Peer 1: 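If you scroll down you'll find the structure; I have some questions about it.
Every value quoted in this text rests on a predicted model; they were computed, and no experiment measured them. In this chain, numbering begins with 1 at the start of the sequence shown.
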Amino acid sequence: MVQLGLVGLGRMGFNMRERLRAAGHEVVGYDRNQAVSDSTSLADMVSKLDATRIVWVMVPAGGPTRETVAELGELLAEGDLVIDGGNSRFTDDKHNAEVLSAKGIGYLDCGVSGGVWGKENGYGLMVGGDKALVERAMPIFDALRPDGPREEGFSHAGSVGAGHYAKMIHNGIEYGLMQAYAEGFELLEAAKVVEDVPAVIKGWQRGTVVRSWLLDLLVRALDEDPELDDLEGYVEDSGEGRWTLEEAINHAVPAPVISAALFARFASRRKDSSAMRAVAALRNQFGGHAVKKVGE
């Protein structure tokens with residue numbers, strides 16, 4: 001049994017606490033939402049942990065994570081360990097590690113995949129940091145990862161920053177996969193030659209080369225709403241896709257699929273595009289093509 005402090009009990013953190021407890025570990029959670037918290041503050045959480053402590057951070061990337069790490073640096077002691085399991089940009093990890101290292105506190109970054117289904121199915125984990133610290137935290141990683149061979153749900157990706165870098169690329173790939181399924185769905189609907197689109201997509205779940213967990217989730221969504229009419233086609237991005245493309249540019253690696261998927265998300269948020277108005281105007285100017293006026 002391992003004792004763990006867990007900061008951030010949102011959709012992911014709450015379920016992670018439950019999975020860890022089900023595996024027999026002691027978890028003292030802290031969240032600003034006191035209805036789900038086991039402690040009243042970060043200091044209160046730390047006071048309930050026995051030395052040598054391990055604290056897992058699951059708060060929004062950027063400022064909130066950096067501030068939490070800095071505060072933990074003032075509360076924890078030499079020999080303690082902090083794991084950032086949020087979606088931090090890998091470039092933040094070096095800073096966080098240095099802040100804690102100055103006080104003799106260890107740091108690991110852990111990319112976590114699995115979403116709201118992780119409590120039941122386990123989480124894919126990608127970790128960066130010192131090997132000895134990874135081994136120390138392995139009982140936690142083993143409880144969170146899916147059942148089966150460790151190497152199929154867990155990887156020690158490299159030194160500090162490698163875990164979040166791996167998760168960033170993972171999410172970039174996810175963008176492309178989701179966009180391909182989405183475009184296939186739209187084409188099936190548009191052609192009209194296929195009379196039961198949900199049945200076709202469900203029929204891809206076994207035996208086909210495009211079967212995947214993402215496909216299973218699309219089938220689930222179509223079971224609930226066969227034409228997805230209850231949703232608006234508005235899609236946010238949480239940053240990893242942009243960071244992935246920046247890295248593709250930095251390393252001169254072509255990434256047309258991921259870039260197209262990211263730009264499709266941008267397009268989904270635009271009710272009226274000035275760029276497409278310009279295209280309509282140009283088609284009308286050079287070819288006399290029909291245009292649709294505002295209000296028509």
Peer 1: What's the separation between atom CZ in F154 and atom SG in C110, rounded to the nearest 0.5 Å?
Peer 2: 7.5 Å
Peer 1: Count I, L, V, M, F, W, Y as connected when their side-chain heavy atoms are under 4.5 Å apart, and connections chain through other members. Are V82 and I140 then in the same cluster?
Peer 2: no
Peer 1: Flag yes if V127 and V57 sit in one hydrophobic cluster, no otherwise; membership is Ile, Leu, Val, Met, Phe, Trp, Tyr, and two members link when side-chain heavy atoms are under 4.5 Å apart.
Peer 2: no
Peer 1: For the backbone of T40 and the side chain of S37, can you confirm whether one donor and one acceptor N or O come within less than 3.5 Å of each other?
Peer 2: no
Peer 1: Does any part of the side chain of S113, heavy atoms only, come nearer than 4.5 Å to the side chain of K167, both counted from C-beta?
Peer 2: yes
Peer 1: Taking E247 for the side chain and M168 for the main chain, is one N or O donor matched with an acceptor at less than 3.5 Å?
Peer 2: no
Peer 1: Side chains of E246 and T244: do they bring a donor and an acceptor to under 3.5 Å?
Peer 2: no
Peer 1: Given side chains that start at C-beta, do those of L6 and Y30 come closer than 4.5 Å, heavy atoms only?
Peer 2: no
Peer 1: Apply the salt bridge (Lys or Arg N to Asp or Glu O under 4.0 Å) test between K103 and each candidate in E78, E74, E98; give the one that qualifies.
Peer 2: E74
Peer 1: If we ignore hydrogens and angles and just use 3.5 Å, is the side chain of N171 paired with the main-chain N or O of E174 as donor and acceptor?
Peer 2: no
Peer 1: Flag the pair D216 and R206 as a salt bridge only when some basic side-chain nitrogen lies within less than 4.0 angstrom of an acidic carboxylate oxygen.
Peer 2: no
Peer 1: To the nearest 0.5 Å, how far apart are CZ in F263 and CG in D237?
Peer 2: 11.0 Å
Peer 1: Hey, quick one: are L215 and L222 part of the same hydrophobic cluster, counting side-chain heavy atoms closer than 4.5 Å, chains of contacts allowed?
Peer 2: yes
Peer 1: For residues Y181 and I201, determine if any side-chain heavy atom of one lies less than 4.5 Å from a side-chain heavy atom of the other.
Peer 2: no
Peer 1: Which heavy atom in L231 sits nearest to a heavy atom in D225, and how many Å separate them?
Peer 2: N-OD2, 4.3 Å
Peer 1: Is it the case that over 12 heavy atoms from other parts of the model lie below 6.0 angstrom from the CZ atom of R21?
Peer 2: yes
Peer 1: Side chains of I258 and L262: does their closest heavy-atom pair fall under 4.5 Å?
Peer 2: no
Peer 1: With a 4.5 Å cut-off on side-chain heavy-atom distances among I, L, V, M, F, W and Y, is there a chain of contacts connecting V59 to L76?
Peer 2: yes
Peer 1: Starting at CG of N96, measure out to CD1 of I105 and round the result to the nearest 0.5 Å.
Peer 2: 12.0 Å
Peer 1: Can a donor-acceptor pair be found, under 3.5 Å and without considering hydrogens, that links the side chain of H25 to the backbone of V27?
Peer 2: no
Peer 1: Which is it for E240 and S238 under the side-chain hydrogen bond (donor to acceptor under 3.5 Å, both in side chains) test, yes or no, and what are the steps along the way?
Peer 2: CA-CA 6 Å; E240 295 93 336; S238 54; 2.5 Å; yes
Peer 1: Could you state the interatomic distance from CH2 (W243) to NE2 (H164), rounded to the nearest 0.5 Å?
Peer 2: 8.5 Å
Peer 1: Just so I know, are the side chains of R211 and Q205 near enough to count as touching, which here means a heavy-atom distance under 4.5 Å?
Peer 2: no
Peer 1: Indicate, with yes or no, if V257 and Y175 share a hydrophobic cluster defined by side-chain heavy-atom contacts under 4.5 Å among Ile, Leu, Val, Met, Phe, Trp and Tyr.
Peer 2: no
Peer 1: How far apart are the closest heavy atoms of A261 and Q179, and which atoms are they?
Peer 2: CB-CB, 3.7 Å
Peer 1: If you count the non-hydrogen atoms of other residues, nucleotides and ligands that lie under 6.0 Å from CZ in R283, is the total more than 12?
Peer 2: no
Peer 1: Counting only heavy atoms not in K48 (residues, nucleotides, ligands), do more than 12 fall under 6.0 Å from its NZ?
Peer 2: yes
Peer 1: If you compare all heavy atoms of I83 against all heavy atoms of A137, which two are closest, and at what distance to 0.1 Å?
Peer 2: CD1-CB, 4.0 Å
Peer 1: Could you check whether any side-chain heavy atom of N33 comes within less than 4.5 Å of a side-chain heavy atom of L9, counting everything from C-beta outward?
Peer 2: no
Peer 1: Would you confirm whether S212, through its side chain, and L214, through its main-chain N or O, come within 3.5 Å as a donor-acceptor pair?
Peer 2: yes
Peer 1: Any non-hydrogen side-chain atom of W56 less than 4.5 Å from a side-chain atom of V7?
Peer 2: no
Peer 1: Strictly by modelled atom types, are Y107 and D93 linked by a side-chain donor-acceptor pair under 3.5 Å?
Peer 2: yes
Peer 1: Search all heavy atoms of L49 against all heavy atoms of I54 and return the closest pair with its distance.
Peer 2: CD1-O, 4.3 Å
Peer 1: Within a reach of under 6.0 Å around CD of E224, are more than 12 heavy atoms found that belong to other residues, nucleotides or ligands?
Peer 2: yes
Peer 1: Answer yes or no: is there an ion pair linking R145 with D142, defined by an N-O contact shorter than 4.0 Å?
Peer 2: yes
Peer 1: Measure the spacing between CG of L75 and CE of M45 and express it to the nearest 0.5 Å.
Peer 2: 8.0 Å
Peer 1: Take atom CZ of R32 as the centre, draw a 6.0 Å sphere, and report whether it contains more than 12 heavy atoms from other residues, nucleotides or ligands.
Peer 2: no
Peer 1: Which heavy atom in H156 sits nearest to a heavy atom in K131, and how many Å separate them?
Peer 2: CE1-CA, 3.7 Å
Peer 1: Looking at D80 and R53, would you say the former's side chain and the latter's main chain have a donor-acceptor pair under 3.5 Å?
Peer 2: yes
Peer 1: Do you know the tightest heavy-atom contact between G161 and D109?
Peer 2: N-OD1, 2.7 Å
Peer 1: Without hydrogens or angle criteria, can the side chains of E236 and Y234 be said to hold a donor-acceptor pair below 3.5 Å?
Peer 2: yes
Peer 1: With no hydrogens and no angle check, is any side-chain donor or acceptor of Y165 less than 3.5 Å from a backbone partner on V160?
Peer 2: no
Peer 1: Does the R19 side chain pair with the main chain of L144, one donor and one acceptor, at a distance under 3.5 Å?
Peer 2: yes
Peer 1: Could you walk me through whether K119 and M16 pass the side chain to side chain contact (heavy atoms under 4.5 Å, CB included) check?
Peer 2: CA-CA 6 Å; K119 176 184 174 182; M16 290 170 71; over 6 Å; no
Peer 1: Side chain of Q3, backbone of D50: donor and acceptor closer than 3.5 Å?
Peer 2: yes
Peer 1: Between D38 (side chain) and V28 (backbone), is there a donor-acceptor pair under 3.5 Å?
Peer 2: no
Peer 1: For the pair E26 and L20, evaluate side chain to side chain contact (heavy atoms under 4.5 Å, CB included) and give the outcome as yes or no after the intermediate values.
Peer 2: CA-CA 8 Å; E26 180 186 350; L20 286 164; over 6 Å; no
Peer 1: Just by distance, no angles: are the side chains of E18 and N15 close enough, under 3.5 Å, to form a donor-acceptor pair?
Peer 2: no
Peer 1: Between I169 and F90, is any pair of side-chain heavy atoms under 4.5 Å apart?
Peer 2: no
Peer 1: For S88 and D92, which I'm curious about, is there any donor-acceptor pair between the side chains at under 3.5 Å?
Peer 2: no
Peer 1: For E189, look at atom CD and say whether over 12 heavy atoms of other residues, nucleotides or ligands are found less than 6.0 Å away.
Peer 2: yes
Peer 1: Would M178 and L218 count as a side chain to side chain contact (heavy atoms under 4.5 Å, CB included) here? Give the steps.
Peer 2: CA-CA 9 Å; M178 287 193 289; L218 178 57; over 6 Å; no
Peer 1: CD of Q34: more than 12 outside heavy atoms within 6.0 angstrom?
Peer 2: yes
Peer 1: Nearest 0.5 Å, what's the CH2-CG distance between W117 and L217?
Peer 2: 7.0 Å
